[in-house]
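Only a predicted model underlies this, so the values are computations on that prediction, with no experimental measurement involved. Numbered from 1 within each chain, the chains take letters A, B, ... in sequence-line order.
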Amino acid sequence: MNNNLYNYILGVADNSLILAQRLGELCGHGPTLETDIALTNISLDLLGQTRSYYQYAAKIKGEDATEDSIAFLRLEREYKNVLLVEQPNTHFGFVIARQFLFDVYHYMIMQQLQNSKDLNLAAIANKGIKEVSYHKRFSSDWVKRLGDGTSESNQKIQEAIDALWRFTDELFDILEADQKMINEGVAVDVSKLKAAYYEEVSEVLKEANIQIPESKYFTRGGKKGIHSEHMGYLLADLQYMQRTYPNMTW
Amino acid sequence: MNNNLYNYILGVADNSLILAQRLGELCGHGPTLETDIALTNISLDLLGQTRSYYQYAAKIKGEDATEDSIAFLRLEREYKNVLLVEQPNTHFGFVIARQFLFDVYHYMIMQQLQNSKDLNLAAIANKGIKEVSYHKRFSSDWVKRLGDGTSESNQKIQEAIDALWRFTDELFDILEADQKMINEGVAVDVSKLKAAYYEEVSEVLKEANIQIPESKYFTRGGKKGIHSEHMGYLLADLQYMQRTYPNMTW
Amino acid sequence: MSEHEVKKLEEIFEARIARDEKIEPKDWMPEKYRKTHIRQMSQHAHSEIVGMLPEGNWITRAPSLRRKAALLAKVQDEAGHGLYLYSACETLGVSRDELFEQLHSGKAKYSSIFNYPTVTWADMGAIGWLVDGAAIINQVPLCNTSFGPYARAMVRVCKEESFHQRQGYEIMLTLCKGSEEQKEMAQDALNRWWWPSLMMLGPTDAESVHTEQSMKWKLKRKSNDELRQQFIDQTVPQADILGLTIPDPDLKWNEETGHYDFGEIDWDEFWQVVKGHGPCNKERMKARVDAWENGAWVRDAAMAHAEKKQKNLKEAI
Amino acid sequence: MSEHEVKKLEEIFEARIARDEKIEPKDWMPEKYRKTHIRQMSQHAHSEIVGMLPEGNWITRAPSLRRKAALLAKVQDEAGHGLYLYSACETLGVSRDELFEQLHSGKAKYSSIFNYPTVTWADMGAIGWLVDGAAIINQVPLCNTSFGPYARAMVRVCKEESFHQRQGYEIMLTLCKGSEEQKEMAQDALNRWWWPSLMMLGPTDAESVHTEQSMKWKLKRKSNDELRQQFIDQTVPQADILGLTIPDPDLKWNEETGHYDFGEIDWDEFWQVVKGHGPCNKERMKARVDAWENGAWVRDAAMAHAEKKQKNLKEAI
């Protein structure tokens, strides 16, 4: 089995799974029906992508691996998502800020992944790019709406951007497996996206009357499987059925 | 195996386990260090009682049963605790109201259980009665303190009593297994405690300037294993390790 | 308008309905017709919205990615149904905010079935199979109801509901073909949802108000008891296929009537839940009110932003 | 008081300390002594209180009832230590509320180690073994420090800490005797907690302030680097017994010095965490501030009730 490819795929896919899970918590509790529907749509898109990635990863892994064994039966230390996507739904400002900070990044990755030498990954990216482009439009619009809405909403989205900013630098970390896959023309060299990312993010924030955080201190760990303390509780729910009833068909 | 006895013990013990778990969530997050320490004490007492009950139940069940397999490896529908104890820590008023409404009941049970023909149960009750008497004093005092404190605290404890009142009637339900154990002089006939319970509770509430709720509508189900939607999440955390790492020693 | 004129309009109106013409929002209509429709459509909309909660409870814990996605999509459909139905109400001159206010204050009702807790994963199957099944039986006739926007909304709703019902049944089928634990889970869900599902078809005809008028307006085509019998006759064979037992010792096929006889429904329970004292009424209302209150600043922001944009646009012109 | 008189008092004071007499709260003491003690004792108290959080994170998920009870009891002990230490501060004329205010505003520090997340159950073992182990090395000398209330508090604290340390080590031992997964979990925890534990002993002597004065007042008896060496020398053989590998390729026994040599500590990381930018600084402060703010109405109520009672009592007399 191609370990590097397998690990690279999980790194990309876990972001979608965990963010979809967070968005799934919100279903039925949003500020309007329209935002409920839109965020559920995003969650569904991400889940769809996750399934394509994991199905491919399961093939690579062989044995009895399935999309579900990969999604539900790993230990916390084996999930490779960035810290950003596991952060809680503190309030709607956090939901939007988290989505926006991820979408800009996600779109860049999908754009490049379309050119991957791995045709499976290229196909997933090709199918997903339209969806992610919609996500980015949705979250950017809401960043602007909240930033330029009332003084309360401006303060709340600012609070969220300030709180989540420290998780952005990790998005551009490259692990060993990633580097090997970059060298083979399979993976996206995210380190090269960093400047463009901050530029695009800053532009939207500026338009939204949001201060761009200046902190130079960042938190990382998710990509290496060292997650925040929120992650264990998220996984306890996510894995509950598969752990409680092993080896069954649903 | 004596099924009725086993089921009766779980019915009593699960209340302690689930309430201990709820109190455990609070550790480090209370309004003062003193209340943190006191509530942890109560949680520890309840856990201690739980262990004694489950150890006895494990002996009755035989096979490979242990206190931990009983505590952690049942399905949600197999937990027999009353709905009251699984209600969430909405705010400190709820914590105190839940504790108070349970403690008055718990004390009555322990008092009678001391006379059980089952010497193991009598011994557990004999050991526990002092602890539970302290719990009741603590929670009653706080009910009075909050009821007779500020108008805000009065309103908050009233809100909690109003919300939890509908779970009190279930405390006095008697299942088939219970009835058989009552007939044998093993179990406490809780139906006979009802009048005294409401009298004692009402007296404290009156002293605390809290309105006694008048609703005649009650919610039940926990004793039969039909729990509120809070329960699944509580169990996902409680069982997480045992489900994720089966058959290990910790 | 003179009394005579109103009477005349009413006659024309009733004649249109009798001819199966659709009434549209801008058409003249009796005040009672308008009010009855607002009441029924908003109650239906509220049921969709509150109905998101018991199923939403299992989204984070769904047992497979496929089921998680399907459940999410289903709950999203319910939000969509709520949206059409509130819009249909709006055509009659009542705003969504007003309707929410009625829901949150307890003035408006919603389907009582959603006041039961979803205790296991099998409840996702049972709700799809039984609750959506009963809903469809209630709703299919409404595709031909007299008020155009309601009828058109119901066409779409029924199509999606019947997809949900099949999906629910398929969850049950998978469980029943699975392990012993899964089969038990399925039976347990049937035990808990059977009677509340029968209650969904409404009180017995003897106790039902509004029926005659509703029949005339095609808001109703069959009585509650007829619908209930239809539901039972349709569902029992489905349970047989699953190998599950309907929790009613009195249930049995009656050769003479060509229907299933069934046991007595616990109407006390029904009325207790309707009056707000079911297992989860408080929790459902709290969830809706919390969502609404916590979302106020977001709605305010969207409004303020839209106004600013409009103002800038005007100034630019 | 004249400068001369103060000087005289100071001399008597220093002589008392030199004679190993205990200073008690009501005794005269130099202002700097008072301030230094408030700073150090409150910092210690804050560390106990914040230290409840990373371990509290596993109470609901502890893998057995026995471990759950032991963990609860341990976290409770930490609350108790906080309580003594705040009380010791109060004897020097500063209130608990003021001290909390300093913590919440970020003015007061607490031990940096508690800004790392507890990621697996094995962290409960590693914290007991390593973090409490390092704490004991820091604290045992304080049982003989000059300020009476602090010295007495430390006697009790150290006794309990050493119980906690044994308990933590026993958790590690159980894991290391367990399954492959458990052993991996233990190694992983050691990997993550080793370096932060070394940092707990404080910056290298070159960078450490306050040391000379603290030595004189018996707030310190050995330098940070000496304590660190002691910790390493004591811990490495314990890791060997567990069969775990210390994550330091440069670690090796030095026959000549009779100590372990070890690799370079990442002081950048240390200072980043101290300055508030560790993995969980924000979360820890938020948890403390939330607890405090959400508890305000409770504290107000208790106060109001006590006042009413007192008033009633007075009126009755």
Side-chain angles (χ1 to χ4, degrees), chain B residues 17 20-37 39-41 43-44 47-48 50-51 54-55 66-68 70-72 91-93 96 141-142 144-157 234 236-242 244-245 247-250, chain D residues 45 48-73 75-80 82-83 86 96 120-121 171 174-175 177-179 181-182 185 287-288 290-309:
Chain B
L17 173 69
Q21 176 77 357
R22 276 286 183 235
L23 293 172
E25 292 171 15
L26 290 169
C27 190
H29 304 277
T32 65
L33 280 175
E34 287 82 354
T35 52
D36 248 25
I37 290 172
L39 289 172
T40 302
N41 249 335
S43 181
L44 280 167
L47 267 183
T50 306
R51 294 184 63 193
Y54 288 166
Q55 281 162 12
T66 66
E67 58 174 279
D68 287 329
I70 295 177
F72 296 105
H91 61 55
F92 190 75
I96 292 299
D141 281 354
W142 268 103
K144 292 177 202 162
R145 217 168 268 141
L146 297 179
D148 182 49
T150 63
S151 67
E152 183 185 7
S153 72
N154 176 277
Q155 175 247 306
K156 281 198 137 98
I157 185 74
L234 181 151
D237 292 343
L238 178 75
Q239 302 186 338
Y240 172 75
M241 289 295 292
Q242 287 274 346
T244 305
Y245 302 91
N247 301 317
M248 299 187 193
T249 303
W250 300 97
Chain D
E48 297 283 356
I49 298 316
V50 177
M52 294 169 73
L53 299 170
E55 291 177 289
N57 184 41
W58 281 88
I59 289 170
T60 58
R61 291 176 294 167
S64 72
L65 292 177
R66 184 172 76 94
R67 292 293 183 200
K68 190 190 284 286
L71 183 58
L72 256 174
V75 179
Q76 186 188 38
D77 282 348
E78 286 158 7
L83 212 50
Y86 285 126
R96 214 201 287 179
T120 71
W121 169 253
I171 290 177
T174 308
L175 294 174
K177 282 197 255 168
S179 70
E181 283 149 303
Q182 285 174 304
M185 196 191 274
R288 285 314 311 159
D290 283 354
W292 188 247
E293 289 178 354
N294 294 336
W297 69 271
V298 178
R299 297 190 302 275
D300 291 347
M303 186 83 81
H305 178 74
E307 279 165 11
K308 280 187 208 174
K309 264 189 122 167

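No part of D/Lys309 comes within reach of chain B, as not one of its non-hydrogen atoms sits under 4.5 angstrom from that chain. Heavy atoms of B/Asn41 lying under 4.5 Å from chain D belong to its backbone as well as its side chain. For a residue to count as touching a neighbouring chain, one of its non-hydrogen atoms must lie under 4.5 Å from one of that chain's; by this rule B/Asp148 touches chain D with backbone and side chain alike. Heavy-atom distances place the backbone of D/Ala62, and not its side chain, under 4.5 Å from chain B. Contacts between B/Thr40 and chain D at a heavy-atom distance below 4.5 Å involve backbone atoms as well as side-chain atoms. Within the 4.5 angstrom heavy-atom criterion, only side-chain atoms of D/Arg96, from C-beta onward, approach chain B. B/Ile96 does not touch chain D: none of its heavy atoms, backbone or side chain, sits under 4.5 Å away. For a residue to count as touching a neighbouring chain, one of its non-hydrogen atoms must lie under 4.5 Å from one of that chain's; by this rule D/Ile171 does not touch chain B. The contact between D/Leu53 and chain B is made entirely by side chain atoms (from C-beta outward), counting heavy-atom distances below 4.5 Å. Of the two parts of B/Gln242, only the side chain, counted from C-beta on, holds a non-hydrogen atom closer than 4.5 Å to a non-hydrogen atom of chain D. Of the atoms belonging to D/Arg61, heavy atoms from both backbone and side chain fall under 4.5 Å from chain B. For chain B, no part of D/Asn294 is nearby; none of its heavy atoms comes within less than 4.5 Å. Contact annotation for D/Leu175: only side-chain heavy atoms (C-beta onward) come within less than 4.5 Å of a heavy atom of chain B. In this structure, chain B has heavy atoms under 4.5 Å from both the backbone and the side chain of D/Ser64. Both the backbone and the side chain of B/Phe92 come within contact range of chain D, with heavy atoms under 4.5 Å apart. For B/Leu47, the part sitting under 4.5 Å from any heavy atom of chain D is the side chain, from C-beta outward, and nothing else.
No donor-acceptor pair closer than 3.5 Å links the side chain of B/Asn154 to the backbone N or O of B/Gly149. Of the possible polar contacts, one joining the D/Lys68 side chain to the D/Ile59 backbone as a donor-acceptor pair under 3.5 Å is found. D/Arg288 places a side-chain N or O within 3.5 Å of a backbone atom of B/Gly28 that can act as its donor or acceptor partner. Within the 3.5 Å criterion, the main-chain N or O of D/Ser179 finds a donor-acceptor partner in the side chain of D/Gln182.
Put simply, the side chain of D/Val298 does not reach to within 4.5 Å of the side chain of B/Arg145, judged on heavy atoms. Counting heavy atoms from C-beta outward, B/Thr32 and D/Arg299 have side chains that approach closer than 4.5 Å. Between B/Leu17 and D/Leu65 there is a side-chain heavy-atom pair separated by less than 4.5 Å. Side-chain contact between B/Trp250 and B/Asp68 is absent, with no heavy-atom pair separated by less than 4.5 Å.
Per-residue counts of heavy-atom pairs under 4.5 Å with chain B were compared for D/Glu181, D/Gln76, D/Glu78; the largest is that of D/Gln76. When each of B/Thr150, B/Thr244, B/Ile37 is checked for heavy-atom pairs under 4.5 Å with chain D, B/Ile37 comes out on top. Put simply, of D/Thr60, D/Asp300, D/Thr174, the one with the most heavy-atom pairs under 4.5 Å next to chain B is D/Thr60. In terms of heavy-atom pairs under 4.5 angstrom with chain B, the leader among D/Ala304, D/Gly295, D/Pro63, D/Ala291 is D/Pro63. In terms of heavy-atom pairs under 4.5 Å with chain D, the best-connected choice from B/Leu26, B/Leu238, B/Asp237 is B/Asp237. Ranked by heavy-atom pairs under 4.5 Å with chain D, the first of B/Lys144, B/Lys156, B/Glu25, B/Glu67 is B/Lys156. With chain B as partner, the option from D/Ala296, D/Gly178, D/Ala69, D/Gly82 having the largest number of non-hydrogen pairs under 4.5 angstrom is D/Ala69. The choice from D/Glu55, D/Arg66, D/Met52 that makes the most heavy-atom pairs within less than 4.5 Å of chain B is D/Arg66. Interface check for chain D: of the options B/Glu152, B/His29, B/Arg51, the most heavy-atom pairs under 4.5 Å are formed by B/Arg51.
Note that CD of B/Gln55 is 10.5 Å distant from OG1 of B/Thr50, once rounded to the nearest 0.5 Å. Distance check, rounded to the nearest 0.5 Å: CG of D/Leu72 to CG of B/Leu44 gives 5.0 Å. Going from atom CH2 of D/Trp297 over to atom CD1 of B/Ile157 covers 6.5 Å, rounded to the nearest 0.5 Å.
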For this session: Any chance you could lay out the side chain to side chain contact (heavy atoms under 4.5 Å, CB included) test for D/Trp58 and D/Arg67, step after step, and finish with the verdict?
Result: CA-CA 10 Å; D/Trp58 281 88; D/Arg67 292 293 183 200; over 6 Å; no
For this session: Carefully, step by step, assess B/Tyr245 and D/Trp121 under the rule side chain to side chain contact (heavy atoms under 4.5 Å, CB included).
Result: CA-CA 11 Å; B/Tyr245 302 91; D/Trp121 169 253; over 6 Å; no
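Taking both residues in full, the closest heavy atoms of D/Gly56 and D/Val75 are given as N-CG2, 4.2 Å, listed atom of the first, atom of the second, then distance.
D/Lys308 NZ: more than 12 foreign heavy atoms inside a 6.0 Å radius.
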